[in-house]
Student: 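So that we are looking at the same thing, I have put the structure below in structure tokens.
Numbers here simply count residues along the sequence, with the first being 1.
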Amino acid sequence: MKSFYDFNRSSPEERQQQYKYYPEMALFHIALREELGEDEYNAFYRAEQEAAQKRSITPMSHQTSRKWVTV
């Protein structure tokens, strides 16, 4: 499954999927976009997108195995 930041924000279909799969994050980003200026929000979004790409550990909500994964 794609992370929140893997969706193409320019595509209305992908944006709808993003909101469907991550409703809380979508609402957070809508509120954040209203609070920050356009440049500030875009900088924040790009930074979060880069950080999400660097993460190699799958979030707990997406783990299907019942065993703990150790490094």
Side-chain angles (χ1 to χ4, degrees):
M1 176 181 266
K2 290 182 175 181
S3 80
F4 182 83
Y5 298 101
D6 290 338
F7 290 90
N8 180 1
R9 293 189 304 164
S10 301
S11 168
E13 294 85 20
E14 286 204 31
R15 198 174 324 119
Q16 287 239 324
Q17 287 179 347
Q18 183 185 41
Y19 291 174
K20 177 183 173 186
Y21 294 129
Y22 300 98
E24 292 89 9
M25 284 288 287
L27 292 175
F28 170 74
H29 277 269
I30 290 169
L32 191 61
R33 194 177 312 129
E34 291 174 359
E35 291 293 320
L36 299 176
E38 189 68 27
D39 293 335
E40 288 176 310
Y41 175 75
N42 287 333
F44 172 81
Y45 191 90
R46 278 192 302 275
E48 288 293 312
Q49 193 173 32
E50 289 173 12
Q53 289 174 352
K54 290 180 183 177
R55 290 184 199 123
S56 61
I57 299 175
T58 305
M60 291 294 288
S61 61
H62 297 298
Q63 289 188 4
T64 56
S65 175
R66 293 181 183 249
K67 293 183 178 180
W68 285 97
V69 178
T70 58
V71 179

Student: Is any side-chain heavy atom of Gln18 closer than 4.5 Å to a side-chain heavy atom of Phe4?
Tutor: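 SC-SC contact between Gln18 and Phe4 confirmed.
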Student: Decide whether Leu32 and Leu27 are clustered together by the hydrophobic rule: side chain heavy atoms of Ile, Leu, Val, Met, Phe, Trp, Tyr closer than 4.5 Å, transitively.
Tutor: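 Leu32 and Leu27: separate clusters.
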Student: Tell me whether Tyr5 is reachable from Leu36 by hopping between hydrophobic residues (I, L, V, M, F, W, Y) whose side-chain heavy atoms are closer than 4.5 Å.
Tutor: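 Per the 4.5 Å side-chain linkage, Leu36 and Tyr5 are co-clustered.
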Student: Test of understanding: with salt bridge (charged side-chain N to carboxylate O under 4.0 Å, His left out), list the residues that count as partners of Glu14, not counting sequence neighbours.
Tutor: Lys2
Student: Say you draw a straight line from CZ of Arg15 to CG of Asn8; how long is it, rounded to the nearest 0.5 Å?
Tutor: 8.5 Å
Student: Consider only side-chain heavy atoms of I, L, V, M, F, W and Y, link residues closer than 4.5 Å, and tell whether Tyr21 and Tyr19 are in one cluster.
Tutor: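 No, Tyr21 does not connect to Tyr19 through the hydrophobic network.
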Student: Would a 4.5 Å heavy-atom cut-off, applied to side chains only, mark Phe44 and His29 as touching?
Tutor: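 Contact flag for Phe44/His29 side chains = yes.
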Student: Lys20 and Pro23: which non-hydrogen atoms are nearest, and at how many Å?
Tutor: O-CD, 3.7 Å
Student: Specify the closest pair of heavy atoms between Phe7 and Tyr45, including all atoms of both residues, with the distance to one decimal.
Tutor: O-OH, 4.3 Å
Student: Considering residues, nucleotides and ligands other than Gln16, do more than 12 of their heavy atoms fall under 6.0 Å from its CD?
Tutor: no
